[in-house]
> 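Here it is: the structure, laid out below.
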Amino acid sequence: MSRVNAKPIIVFDLDGTLVETAPDLLDSLNHCLSISGLETADPVSLRRFVGQGGRVMIERAFAVQQKHVDDVMLDHLVEEFRTHYAANIPGQSVFFPGVLDALDRFATNGYELAVCTNKFEALSLRLLKAMGEAERFAAICGADTFSYRKPDPRHLTDTITQAGGNRNRALMVGDSRTDIDTAKAAGIPVVAVDFGYTDLPVHHYEPSRVISHYNELTLEMVEELMEAATDRV
């Protein structure tokens, strides 16, 4: 499909954007901390750790307790995290209010939908399949899909390509600085949800718009942001 004829596309982050995965991420992180002899984390702390995948989450949790973790131990803990998390999918994870209606709204109006996440691809696919919604997305690209990941803008732009979407009619929806920085670096407008996983409120990172519920993600808003981005080119 040529870019000229490709559909407009909305690319979503996963954890904290489409799906409330915090309880299950916290359980798996605390499993890793417990077997390492460290104190477990609480739900408030977790929101500071999430955003760049399980490996960075574990590193951040160790750093908060002023503990060093070497590469060998970190590799082991990442595998422990993945195994524990995969064994419990979908666990307590649920879509945020209004997500499915929003996906219906844009699909009905000719948009491609995709996921660009720093969760491992297999775990992302497994989660969305377990929740019965994987088929909605033309591409589901994780931290290990390519040789780079967010905030590298190629993670986003290559997700768009893999989904067959129009790079010049694209929008990112995310919940963190990582998502916002990625979209900005790619020259793509970004809508941030304010209920996700971030250390500071998302407005500090200056996304194109901030929403508090998916009923605010309207066709009119998305079209306006895409048009504005096209005008800047």
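Counting from 1, the numbers follow the sequence of the chain as shown. This structure is a prediction, so every number in the text was calculated from the model and none was measured.
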> Return yes if some donor-acceptor pair links the side-chain N/O of Thr108 with the main-chain N/O of Arg105 below 3.5 Å, else return no.
no
> Give a yes or no answer on whether the side chain of Asp24 reaches the backbone of Ser93 with a donor-acceptor pair at less than 3.5 Å.
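Indeed, once roles are kept as given, a pair shorter than 3.5 Å links the two residues.
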> Is it the case that Asp179 and Ser176 place a side-chain donor and acceptor less than 3.5 Å from each other?
yes
> Check for a donor-acceptor pair, side chain of Glu216 on one end and backbone N or O of His213 on the other, with a separation under 3.5 Å.
yes
> Do you know the tightest heavy-atom contact between Ala134 and Ile140?
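For Ala134 and Ile140, the tightest heavy-atom pair comes out as O-CD1, 4.0 Å.
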> Has Arg177 got more than 12 heavy atoms of other residues, nucleotides or ligands less than 6.0 Å from its CZ?
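12 or below, so no.
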> List the atom of Ser208, the atom of Pro189, and the distance in Å for their closest heavy-atom pair.
OG-CA, 3.5 Å
> Would you kindly check if the NZ (Lys) or CZ (Arg) of Arg82 is within the cone defined by 45 degrees around the ring axis of Phe120 and under 6.0 Å from the six-membered ring centre?
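Here Arg82 passes the 6.0 Å and 45° test against Phe120.
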> Using every non-hydrogen atom in the two residues, find where Gly16 and Tyr197 come nearest and quote the distance to one decimal.
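In terms of heavy atoms, the two residues are closest at N-CE1, 3.3 Å.
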> Could you report the tightest heavy-atom contact between Ala102 and Tyr214, atom names first, then the distance?
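Where Ala102 meets Tyr214 most closely, the heavy atoms are CB-CD2, 3.9 Å.
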> Tell me, with the steps shown, if Glu112 and Ile160 meet side chain to side chain contact (heavy atoms under 4.5 Å, CB included).
CA-CA 9 Å; Glu112 292 285 12; Ile160 293 168; over 6 Å; no
> Please check if the number of heavy atoms outside Glu79 that lie under 6.0 Å from its CD is greater than 12.
yes
> What pair of heavy atoms forms the shortest contact from His155 to Gly142, and how long is it?
NE2-O, 3.1 Å
> Ignoring hydrogens, what is the shortest heavy-atom contact between Leu127 and Ile89? Give both atom names and the distance.
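In terms of heavy atoms, the two residues are closest at CA-CG2, 3.7 Å.
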> Tell me whether the rings of Tyr111 and Phe106 are parallel (<30°), tilted (30 to 60°) or perpendicular (>60°).
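Geometry flag for Phe106 against Tyr111: perpendicular rings.
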> May I ask you to say whether Arg55 pairs ionically with Asp75, meaning some side-chain N is under 4.0 Å from a carboxylate O?
yes
> Would you say Arg167 and Thr161 make side-chain contact, with heavy atoms under 4.5 Å?
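The answer is no; the side chains never approach within 4.5 Å.
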> Does Glu206 have more than 12 heavy atoms from other residues, nucleotides or ligands lying within 6.0 Å of its CD?
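At most 12 heavy atoms, drawn from other residues, nucleotides or ligands, come within 6.0 Å of this atom.
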> Are Tyr205 and Val190 close enough that some pair of their side-chain heavy atoms sits under 4.5 Å apart?
no
> Is there a side-chain contact between Arg136 and Leu100 (heavy atoms, below 4.5 Å)?
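The answer is yes, as the side chains (C-beta and beyond) meet within the 4.5 Å cut-off.
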